[in-house]
Structure formats: structure tokens, C-alpha cells
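These numbers come from the heavy atoms of this one structure, side chains and all, not from hydrogens, waters or symmetry mates. Naming: A, B, ... by sequence-line order, numbering from 1 per chain.
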There are 2 protein chains.
Amino acid sequence: MITIESVQKKLKEKGLKLTNQRKAIIEVLVENKDNFLTAEEIFLKSREKCPQTNFSTIYRNLEILTNLNIIHKTNIENNTSMFELVQNDSHHHHIICKKCGRTEFIDFCPLDKILSEVDKKNFTLTDHKFELYGYCDKCKKKDNR
Amino acid sequence: MITIESVQKKLKEKGLKLTNQRKAIIEVLVENKDNFLTAEEIFLKSREKCPQTNFSTIYRNLEILTNLNIIHKTNIENNTSMFELVQNDSHHHHIICKKCGRTEFIDFCPLDKILSEVDKKNFTLTDHKFELYGYCDKCKKKDNR
DNA sequence: ATGCATGCAAAGCATTTGCAATCAA
DNA sequence: TTGATTGCAAATGCTTTGCATGCAT
């Protein structure tokens, strides 16, 4: 279970300062840990908690948190990144609603199934992505493609 | 086997005109059908064949070809889209070199393995992505992350 | 001839950065 | 106190768009 406190502890261990802006960002991420959020969504929600928060602060912190493996960044369709808290207890993948960003977790990871095949190709693997896209119950395809 | 001619035929069937710029773009895509290319790479290579080609022409055509399912668009890491010709004989996934963009195909598709689980979640699926990232033989991790 | 396609230049949007001021430790 | 962090504003990079011209059919 991820809490605000546990993330803050993780930050302190890394020697990072706990500014109000950073606290707000983390709170937002924890409160929305079942959804991918855009930087703008995180910005707007963070500003409710810490009004003076600036957009560049958001981006700088999202990068720091990504590098620390506290959050996970993905690009769904276009050129807008989305972020979610890393649920560090279990490796998992996602089903993502293309309209509202709501996600469900998939415990299944296909990587094991094909690792032997990859080795043959002489690639050194660093990352993988397995994501399903569609429309959730509430957003069921209207005039979307 | 995908040839320039077969793609051009497909375009004609759709009522699209065969301009020199469009021909050049298709040639580039066919010649590099084993690699994802960025729009810029496609631009530079196309201009070798058709010097007056403009960047906006590239983007307009990439969008048209994507909508016609002639090419496939993906976002690897950041906010730069990459494109490859659709190998329409078989559904497949990719191993992608994060440095040079070279790809290998993976015939295995994990989707079947979990379809039943997805149904339970009431998502209407439209797309999925299964991609492995790493460094190919030639680019073996240097100072990359 | 007709309208789809292009070139050009400007705009749009997400993201990044330089720098001086501010704040947590 | 001191370096990490922030706000601001400007810059960047990729992509899109409006409009007049050009070209394939």
C-alpha cells in the first residue's frame, strides 16, 4: 500500500527536500494512483493544494520522480505524456481508457513468455510496454475513432 | 511481401493521387520497412528523392497513410512519433532499439492470453501495444540510462 | 476543369531551460 | 548558511493549420 508518508520517506532517503509544491504533487499522485494523469491534470490538482505551483515545477518534479522510479510515464496515443504512481509491490500492466484515462491493472506480464526468443535476437532489454487501450464503461465509444 | 507498387495500388483504390512527394515517402517507407523512422528521418530521405518536399507534406501524408492503415505510428519514449509500414500479412509486435530505432519482429501476441480477463473489466478494446525496448547489437548500451 | 495536394509561413501545444529569487535542511 | 528548488518568461521541438498556388486525374 502506497501512502503519502511512504513516498515522502523515500524522497528524504534520497536527500530530496520536501517543499510544499512537491508535497502537493505527491498527494495528487497518491490520491489518483489508479489513473494515469497528464501533466496538466497534475498541475491543476496540485494548484488546489499549493496555489503558487508553477507548471515548470510540475515538469521538473515529474522528471525527478520518474528517475527515482516513484512514478511511471507513458505515451498513450499522441504526444502527451501521462503519469502514475509506481505500485512497487507488483509488476503489472494496464488497460487504459482513451477518453478519461481511467485504468485497470493486468497482473499478467507477457515478457516471460518470450524471453528466450528475445535473447536470440541479441537485444539487451531495458524496458517493455504492454498496454491495452479502449473505452471504459462510462465512456463507451461515442464518436471516437 | 510489400512493394512500392502494391502500396501505390492501394492508394489508387482509395482515390488518392500519386504525387511525386507521396511516391517518395512511400518509397522511403518500403525501403526501411524493418525500422521505425521519425518524421524527420522520413523527411530527409524523401527529400533525396523529391527535393522540394516540405515538412508539412510529410506530416499530412503520414496522417493519411496512418488512417488508411498503410503505416503504423508509435511513441517509444518521449514525444516523438515513429512510423513503419504495416506488414499486413501478419499481426506482430516489436523489439525496438532505443538508440537507432532498428526493430525486430515478435510474432507472439499476448492479447489472446488475457482477453477473458479484460471482458470482465467491461472495457471495449480498440488497440493494444506490446513493445520491448533496449539496445541492439550495434548500439549496446553506452552511457544511456 | 476540378478539386485534391503542396509550399510557405505562422501558429499551437507540450515540454524544457536560464536566471535570479526563495526556501528547506 | 548553502545548495536545492522554485517562479517567471522565454525558448525549444514536434506537429498542425490557413491560405494561395500547383498538379494529377
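- The base of C:dC13 is not paired with the side chain of A:Thr80 by any donor and acceptor separated by under 3.5 Å.
- Put simply, chain B comes within 4.0 Å of DNA chain D, heavy atom to any atom, from D:dC14 to D:dT25, going 5' to 3'.
- Within 4.0 Å of A:Arg60, counting heavy atoms only, lies at least one base atom of the nucleic acid.
- When distances run from any side-chain atom of A:Asn20 to the nucleotides C:dG7, C:dA24, C:dG18, the shortest one goes to C:dA24.
- Remark: aromatic rings of A:His93 and A:His128 are close, center separation under 6.0 Å.
- Between A:Phe130 and B:Pro110, the shortest heavy-atom contact is CE1-CG, 3.6 Å.
- Here the options are B:Thr53, B:Val28, B:Leu29, the test is side chain to side chain contact (heavy atoms under 4.5 Å, CB included), and the partner is B:Lys45; only B:Val28 passes.
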As a quick check of understanding, evaluate side-chain contact (heavy atoms from CB on, under 4.5 Å) for B:Asn54 and B:Thr57, giving each step before the final call. CA-CA 5 Å; B:Asn54 189 273; B:Thr57 301; 3.8 Å; yes

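- Under the 6.0 Å cut-off for aromatic ring centres, A:His92 and A:His72 do not qualify, their centroids lying 6.0 Å or more apart.
- Using a 4.0 Å heavy-atom cutoff across all strands shown, A:Thr53 reaches sugar-phosphate atoms only and no base atom.
- Contact between the side-chain N/O atoms of B:Thr57 and the OP1/OP2 oxygens of C:dG7 is found at a separation under 4.0 Å.
- Under 4.0 angstrom from either OP1 or OP2 of C:dT16 there lies no side-chain N or O belonging to A:Tyr59.
- Summarising the geometry, the separation between CZ on A:Phe55 and P on C:dT17 is reported as 16 Å, rounded to the nearest angstrom.
- In this structure, the ring of A:Phe36 has its center less than 6.0 angstrom from the ring center of A:His94.
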